[in-house]
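First up is the structure itself, then whatever we jot down about it.
Naming convention: chains lettered A, B, ... in sequence-line order (proteins, then strands); numbering from 1 in each chain.
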Number of protein chains: 2
Amino acid sequence: MPTQTAAERRAEARAAYDAFIAECPTRKLLDRISDKWVSLVLAALTDGPRRYNDLSRTIAGVSQKMLTQTLRTLERDGLVSRTVTAAVPVRVDYELTPLGRTLQPVMVAIKSWAETHIEQVETARSTYDRSNHA
Amino acid sequence: MPTQTAAERRAEARAAYDAFIAECPTRKLLDRISDKWVSLVLAALTDGPRRYNDLSRTIAGVSQKMLTQTLRTLERDGLVSRTVTAAVPVRVDYELTPLGRTLQPVMVAIKSWAETHIEQVETARSTYDRSNHA
DNA sequence: CGGCATCCAATGTGATACTG
DNA sequence: CAGTATCACATTGGATGCCG
């Protein structure tokens, strides 16, 4: 008979992952999702499925390479689903998976933080630059 | 006399910042904070001031270069304060500023997301690798 | 339309050595 | 203790050209 309940095992498993530990796989995952393009893509997918070109227009300035690369990685990691509709020309839709929807609010929060605090950051920078490094 | 109230001006200023726009300064800020070391440092400062060596031990595997560089940038951006205590040897403490405390919960959320969803991501990866790219 | 392959310049990052 | 400086290397990312 079990000496641990399922809840206990889950708690232990959760505690076993710590991104402060260099070798922990979560460190690499943290690195992957700590990415400008990831947050922009997940934010862009907030309101439902989006086509490739639609995404590239929304996320202004993203290169084909980076958009495709980011989408592939997100797909592989199970955060985004890719749906190809046979037609001429081909139609490809990207959509958040249930897993992706758990990360999306966090990514939106980062993007929003940048947008709402940019002025305070810029003020801090000019203060720093004036007092310290001439 | 003003045709806008202060609240209206603030609302307009807020709407003017959009990280989806390539030239928006928030895009660069988003890139800066979307960084593995930033999230780890802000998470490590959750419980109050920490000394340099304390941080380097907590954030296992971080190089001196990256830790110093990250702390300098965070300091310049007004997210972290640096306090030098004259002594032998010197003592330097880093602490979140009020501005830094507004970003800290978001950074902790990313780190936590990675830790709580790593297994689902790994499952998704092996599924993807088995079905697609042999 | 939605990619992929390649080249290459710029940047990021770690290891190492040294210092007030 | 808390850095700085330098070098070597890896990674990033844009530009370009081609394709089903």
message = Once ring-ring contact (aromatic ring centres under 6.0 Å, His included) is applied, what residue pairs with a partner in residues 18-58 of chain B remain, sequence neighbours excluded?
response = none
query = Which pairs with one or both residues in residues 100-122 of chain A pass ring-ring contact (aromatic ring centres under 6.0 Å, His included), sequence neighbours excluded?
reply = A:Trp113-A:His117
note = With sequence neighbours left out, the residues meeting side chain to side chain donor-acceptor pair (under 3.5 Å) with A:Arg51 are none
All side chain to side chain donor-acceptor pair (under 3.5 Å) counterparts of A:Thr46, not counting sequence neighbours = A:Gln104
query = Who passes side chain to side chain donor-acceptor pair (under 3.5 Å) against A:Asp54, sequence neighbours left out?
reply = A:Arg50
ask   = Is there a side-chain contact between B:Thr83 and B:Pro49, using heavy atoms and a 4.5 Å cut-off?
value = no
inquiry  = Please list all pairs meeting side chain to side chain donor-acceptor pair (under 3.5 Å) that have one or both residues in residues 23-36 of chain A, counting only residues at least two apart or in different chains.
reply    = none
message = Walk along nucleotides 13-20 of chain D from 5' to 3' and tag each nucleotide B, S or - by protein heavy-atom contact under 4.0 Å, base first, then sugar-phosphate.
response = BBB-B---
query = Can you find a heavy atom in the side chain of B:Val121 that is under 4.5 Å from one in the side chain of A:Leu29?
reply = yes
note = Here the helical stems involving DNA chain D, each at least 3 consecutive Watson-Crick or G-U pairs closer than 3.5 Å, sorted by first residue number, are C:1-20 with D:1-20
remark   = chain B reaches DNA chain C, atoms under 4.0 Å from its heavy atoms, from C:dT13 to C:dA17
ask   = Would you call A:Leu40 and A:Thr58 a side-chain contact if the rule is heavy atoms closer than 4.5 Å?
value = no
message = Using side-chain heavy atoms (C-beta onward) and a distance below 4.5 Å, is A:Leu103 in contact with A:Val106?
response = yes
Pairwise salt bridge (Lys or Arg N to Asp or Glu O under 4.0 Å) hits with a residue in residues 102-111 of chain B, at least two apart = A:Asp18-B:Lys111, B:Lys111-B:Glu115
remark   = Per the under-4.0 Å heavy-atom filter, residues of residues 39-55 of chain A near DNA chain C come out as A:Arg51, A:Tyr52, A:Asn53
Enumerate, atom names and distances included, each donor-acceptor pair closer than 3.5 Å involving a side-chain atom of residues 87-99 of chain B, sequence neighbours excluded.
unit_1, atom_1, unit_2, atom_2, d
B:Arg91, NE, B:Asp93, OD2, 2.8
B:Tyr94, OH, B:Arg72, NH1, 3.3
B:Tyr94, OH, B:Arg82, NE, 3.2
B:Thr97, OG1, B:Gly78, O, 2.6
B:Thr97, OG1, B:Leu79, O, 3.2
B:Thr97, OG1, B:Leu99, N, 3.4
B:Thr97, OG1, B:Gly100, N, 3.0

